[in-house]
Visitor: 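Before I ask anything, let me first share the structure, which is written out below as structure tokens.
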Amino acid sequence: MKRGNLYVISGPAGAGKSEIVKTVLAKHPDVKVSVSCTTRKPRPGEVEGESYYFVSDEEFDRLVAEDAFYEWAHVHQNRYGTPKAAVQQALAAGVDMILEIDVQGCLQAMEQDSQVTGIFISPPSRENLETRLRNRGTETEESIRVRLGNVANEVAQAYRYNYLIVHQDWNEVPDALNIAAEQVYAIISAKRCETAAQMGFLNELSASLKK
């Protein structure tokens, strides 16, 4: 069976990664997402086992010690990690997987696996990003300050990604969310059409034509 492809989506907090991934999954059920573990507290509306696995610091330490994470990192005073077994099992079954993780985690994943495709989600401007963070209504002033302070370093890493998608201002581009989601799926579709991904079919076709 052909191995699934792994896509890592990351970018600054407030860039719209979660909404883009949710839109891709809703419109394209042939793509799945890995659920991460985190030590941060749930936000309103988040569901255990669907949004994240919410764990204590002690439980996270245990998982790190057991080498249970595909990648993990400190992000905005909390820790996030991707369960290794679930990702490897899905890829082995031929499922295309999305990991929605932070920039640190993405770079770890890309270093571990040369087949990982990195997609960076960028806001159109700093001002737009700050507006998005404030409109969440879930961030303290201290949290907003910390997140904005990290943006420059995160954007500096975007040069190392395979693709960059600018999630436009919804006030200026009302369909910005759907546009960004379809750009993500276009990348996935193109990856499936690469010659390397079609080698089995191509070999069979070539052999049959020589008979």
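By convention here, the first residue in the shown sequence is residue 1.
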Visitor: In the structure I gave you, are the side-chain heavy atoms of His28 and Glu182 within less than 4.5 Å of one another anywhere?
Guide: yes
Visitor: Going through the distances and angles, do Arg62 and Glu58 end up as a salt bridge (Lys or Arg N to Asp or Glu O under 4.0 Å)?
Guide: CA-CA 6 Å; Arg62 183 183 66 79; Glu58 293 75 18; over 6 Å; no
Visitor: Does any N or O in the side chain of Asn5 come within less than 3.5 Å of the main-chain N or O of Asp96, such that one atom is a donor and the other an acceptor?
Guide: no
Visitor: Over all heavy atoms of both residues, which pair between Val87 and Ser34 is shortest? Give the atoms and the distance, please.
Guide: CG2-OG, 3.6 Å
Visitor: Does this structure show an ion pair linking Arg145 with Glu141, if we count only N-O contacts that are shorter than 4.0 Å?
Guide: no
Visitor: So does Trp72 get a backbone contact from the side chain of Gln108, meaning a donor-acceptor N/O pair under 3.5 Å?
Guide: yes
Visitor: With a 3.5 Å distance limit and no angle check, can you tell me whether Arg192 reaches the backbone of Ala197 through a side-chain donor-acceptor pair?
Guide: no
Visitor: Are the side chain of His74 and the backbone of Arg79 linked by a donor-acceptor contact shorter than 3.5 Å?
Guide: no
Visitor: Any idea which heavy atoms bring Gly118 and Cys106 closest together, and the distance?
Guide: CA-SG, 4.4 Å
Visitor: So for atom CD, which belongs to Gln89, do other residues, nucleotides or ligands contribute more than 12 heavy atoms lying within a distance under 6.0 Å?
Guide: no
Visitor: For Val116 and Tyr70, which heavy atoms make the closest approach, and how far apart are they?
Guide: CG2-OH, 3.9 Å
Visitor: Leu107 versus Gln157: any side-chain heavy-atom pair under 4.5 Å?
Guide: yes
Visitor: For a 4.5 angstrom cut-off between non-hydrogen side-chain atoms, does Glu154 reach Gln104?
Guide: no
Visitor: Distance check, rounded to the nearest 0.5 Å: Arg40 atom CZ versus Tyr80 atom OH?
Guide: 4.0 Å
Visitor: What distance do Lys17 atom NZ and Asp102 atom CG have between them, rounded to the nearest 0.5 Å?
Guide: 8.5 Å
Visitor: Are Ile20 and Tyr163 linked, directly or through other ILVMFWY residues, by side chains that come within less than 4.5 angstrom of each other?
Guide: yes
Visitor: Got a sec: does the CD of Gln77 have more than 12 other heavy atoms crowding it under 6.0 Å?
Guide: no
Visitor: Check the side chains of Gln183 and His167 for a donor-acceptor pair under 3.5 angstrom, ignoring hydrogens and angles.
Guide: no
Visitor: Salt bridge or not between Glu127 and Arg132? Use side-chain N to carboxylate O under 4.0 Å.
Guide: no
Visitor: Where do Leu129 and Gly14 come nearest, in terms of heavy atoms and distance?
Guide: CD1-C, 3.4 Å
Visitor: Rounded to the nearest 0.5 Å, how far apart are OG1 of Thr82 and CD of Glu100?
Guide: 10.0 Å
Visitor: Do the non-hydrogen side-chain atoms of Gln168 and Val166 ever get within less than 4.5 Å of each other?
Guide: yes
Visitor: Do side-chain atoms of Ser208 reach the backbone of Leu205 as a donor and acceptor pair under 3.5 angstrom?
Guide: yes
Visitor: May I ask whether Ile101 and Val64 are part of the same hydrophobic cluster, defined by side-chain heavy atoms of I, L, V, M, F, W, Y residues being less than 4.5 angstrom apart, directly or through others?
Guide: no
Visitor: Relative to the ring of Tyr161, is the ring of Phe120 parallel (under 30°), tilted (30 to 60°) or perpendicular (over 60°)?
Guide: perpendicular
Visitor: Between CD1 of Ile144 and CZ of Arg134, what distance do you get to the nearest 0.5 Å?
Guide: 4.0 Å
Visitor: Do Val31 and Met97 belong to the same hydrophobic cluster, where Ile, Leu, Val, Met, Phe, Trp and Tyr are linked whenever their side-chain heavy atoms lie under 4.5 Å apart, directly or via other members?
Guide: no
Visitor: Between Ile9 and Ile121, is there a side-chain heavy-atom distance shorter than 4.5 Å?
Guide: yes
Visitor: Starting at OG of Ser125, measure out to CG of Asp169 and round the result to the nearest 0.5 Å.
Guide: 7.0 Å
Visitor: On a heavy-atom basis, which atom in Ser122 and which in Leu164 lie closest, and how many Å separate them?
Guide: CB-CD2, 4.3 Å
Visitor: Given side-chain contact (heavy atoms from CB on, under 4.5 Å), test Tyr52 with Glu46 step by step and report yes or no.
Guide: CA-CA 8 Å; Tyr52 289 97; Glu46 290 184 327; 4.0 Å; yes
Visitor: Are the side chains of Pro83 and Cys37 in touch, meaning some heavy atoms are under 4.5 Å apart?
Guide: yes
Visitor: For the pair Glu71 and Lys84, evaluate side-chain contact (heavy atoms from CB on, under 4.5 Å) and give the outcome as yes or no after the intermediate values.
Guide: CA-CA 8 Å; Glu71 58 75 33; Lys84 184 185 297 184; over 6 Å; no
Visitor: Regarding Tyr7 and Asn162, do their side chains bring together a donor and an acceptor under 3.5 Å, going by distance alone?
Guide: no
Visitor: Given ring pair (Phe, Tyr, Trp, His ring centres under 6.0 Å), test Phe69 with Phe60 step by step and report yes or no.
Guide: CA-CA 10 Å; Phe69 290 131; Phe60 200 97; 4.7 Å; yes
Visitor: Measure the NZ-CG distance between Lys2 and Leu91 for me, rounded to the nearest 0.5 Å.
Guide: 12.5 Å
Visitor: Is there a side-chain contact (heavy atoms from CB on, under 4.5 Å) between Phe201 and Glu204 once you walk through the steps?
Guide: CA-CA 5 Å; Phe201 164 78; Glu204 289 182 9; 5.6 Å; no
Visitor: Transitively linked via ILVMFWY side-chain contacts under 4.5 Å: Val95 with Ile98?
Guide: no
Visitor: Is Val35 reachable from Leu63 through a run of hydrophobic residues whose side-chain heavy atoms are each under 4.5 Å from the next?
Guide: no
Visitor: Compare all side-chain heavy atoms of Ile165 with those of Ile119 and state whether any distance is below 4.5 angstrom.
Guide: yes
Visitor: Between Glu194 and Met199, is the side-chain contact (heavy atoms from CB on, under 4.5 Å) condition met? List the steps.
Guide: CA-CA 9 Å; Glu194 288 182 349; Met199 200 61 69; over 6 Å; no
Visitor: I'd like to check Leu99 versus Val33 (side-chain heavy atoms, cut-off strictly below 4.5 Å). Are they in contact?
Guide: no
Visitor: How close do Pro12 and Val155 get, counting heavy atoms only, and between which atoms?
Guide: CG-CG2, 4.3 Å
